[in-house]
Amino acid sequence: VFTGGPGAHGETEASVMARYARRLGVPIEAIRLEPRARDTAENARFSVELLCEGRARCRPRVIVVSSPYHLRRARRLFECAGADAQVVAAELPDDIGYQLAFSAYEYAVRLAYIFDDACARARR
């Protein structure tokens with residue numbers, strides 16, 4: 001499942017990732033798209049809904065791939081959504097500025113979660 005709604009250029013994040021996966025040889029029949037999510041809580045919720053296909057008693061096993069800074073939060077939200085989640089860290093660019101910015105962003109989001117129950121938003 002590739003998940004993510006409209007990005008900066010109008011195309012969904014899900015379709016950009018799926019196109020890249022296709023270039024790497026992933027068969028089209030193995031790809032599912034979730035093009036609505038606007039944040040990680042929605043990535044989790046909509047992906048679990050897609051995988052469960054309306055079944056009430058469903059706990060899909062997923063592997064969440066993201067940056068190392070994001071994995072702890074992503075795992076928690078996928079588990080809130082009802083998945084059995086494992087995580088794998090994607091490689092980061094060597095650019096230290098990028099790494100610092102991403103790290104700062106993750107800490108800011110965690111602080112924002114004091115006021116936003118993202119786990120509740122992830123639940124289906």
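Please read all numbers here as calculations on a predicted model, not as lab measurements.
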Chemist: For Gln86, does the CD atom have more than 12 heavy-atom neighbours from other residues, nucleotides or ligands under 6.0 Å away?
Modeler: no

Chemist: Which of parallel (below 30°), tilted (30 to 60°) and perpendicular (above 60°) describes Phe102 and Tyr105?
Modeler: perpendicular

Chemist: What is the distance from atom OG1 of Thr12 to atom CZ of Arg19, rounded to the nearest 0.5 Å?
Modeler: 9.0 Å

Chemist: Quick one: do Leu92 and Ser67 satisfy side chain to side chain contact (heavy atoms under 4.5 Å, CB included)? Show the steps, please.
Modeler: CA-CA 7 Å; Leu92 290 177; Ser67 77; 3.8 Å; yes

Chemist: Looking at every non-hydrogen atom in both residues, tell me the closest pair between Phe78 and Ala85 and how far apart they are.
Modeler: CB-CB, 4.0 Å

Chemist: Does Leu24 have more than 12 heavy atoms from other residues, nucleotides or ligands lying within 6.0 Å of its CG?
Modeler: yes

Chemist: Is it the case that one hydrophobic cluster holds both Met17 and Ile31, taking links as side-chain heavy atoms less than 4.5 Å apart, direct or via other members?
Modeler: yes

Chemist: Could you check Leu33, Asn43, Val64 and say which one makes a side-chain contact (heavy atoms from CB on, under 4.5 Å) with Thr3?
Modeler: Asn43

Chemist: For a 4.5 angstrom cut-off between non-hydrogen side-chain atoms, does Ser66 reach Val87?
Modeler: no

Chemist: Given the rule in the side chain to side chain contact (heavy atoms under 4.5 Å, CB included) test, do Arg121 and Asp39 qualify, once you have shown the distances and angles that lead to the verdict?
Modeler: CA-CA 10 Å; Arg121 288 190 303 110; Asp39 61 21; 2.9 Å; yes

Chemist: Measure from NZ or CZ of Arg110 to the centre of the six-membered ring of Tyr113 and say whether it is under 6.0 Å with the direction within 45° of the ring axis.
Modeler: no

Chemist: Taking all non-hydrogen atoms of both residues, which atom of Ala122 and which atom of Ala44 are closest, and how far apart?
Modeler: CB-CB, 4.4 Å

Chemist: Find out if a path of hydrophobic residues (ILVMFWY) with successive side-chain heavy-atom gaps under 4.5 Å connects Val62 to Val1.
Modeler: yes

Chemist: For the residue pair Tyr69 and Gln99, establish whether any side-chain heavy-atom pair is separated by less than 4.5 Å.
Modeler: yes

Chemist: Within a radius of less than 6.0 Å around CG of Leu100, do more than 12 heavy atoms belonging to other residues, nucleotides or ligands occur?
Modeler: yes

Chemist: Report the C-alpha separation of His70 and Val109 in whole Å, then their side-chain angles, then the decisive distance to 0.1 Å, and conclude whether the side chain to side chain contact (heavy atoms under 4.5 Å, CB included) test is met.
Modeler: CA-CA 10 Å; His70 184 231; Val109 170; over 6 Å; no

Chemist: Say you draw a straight line from CD of Glu49 to SG of Cys58; how long is it, rounded to the nearest 0.5 Å?
Modeler: 10.5 Å

Chemist: If you round to the nearest 0.5 Å, how far is CG of Leu77 from OG of Ser47?
Modeler: 11.5 Å

Chemist: How long is the span from the CG atom in Asp84 to the CZ atom in Arg75, to the nearest 0.5 Å?
Modeler: 9.0 Å

Chemist: Using every non-hydrogen atom in the two residues, find where Phe2 and Ala14 come nearest and quote the distance to one decimal.
Modeler: O-CB, 3.2 Å

Chemist: Under the 3.5 angstrom rule, does the side chain of Arg55 hit a backbone N or O of Cys52 as a donor-acceptor pair?
Modeler: yes

Chemist: I need the Arg45 CZ to Thr40 OG1 distance, nearest 0.5 Å.
Modeler: 14.0 Å

Chemist: What are the two closest non-hydrogen atoms of Glu34 and Arg36, and how far apart are they?
Modeler: OE2-N, 2.6 Å

Chemist: Can you tell me how far apart OG (Ser103) and OH (Tyr98) are? Round to the nearest 0.5 Å.
Modeler: 11.5 Å

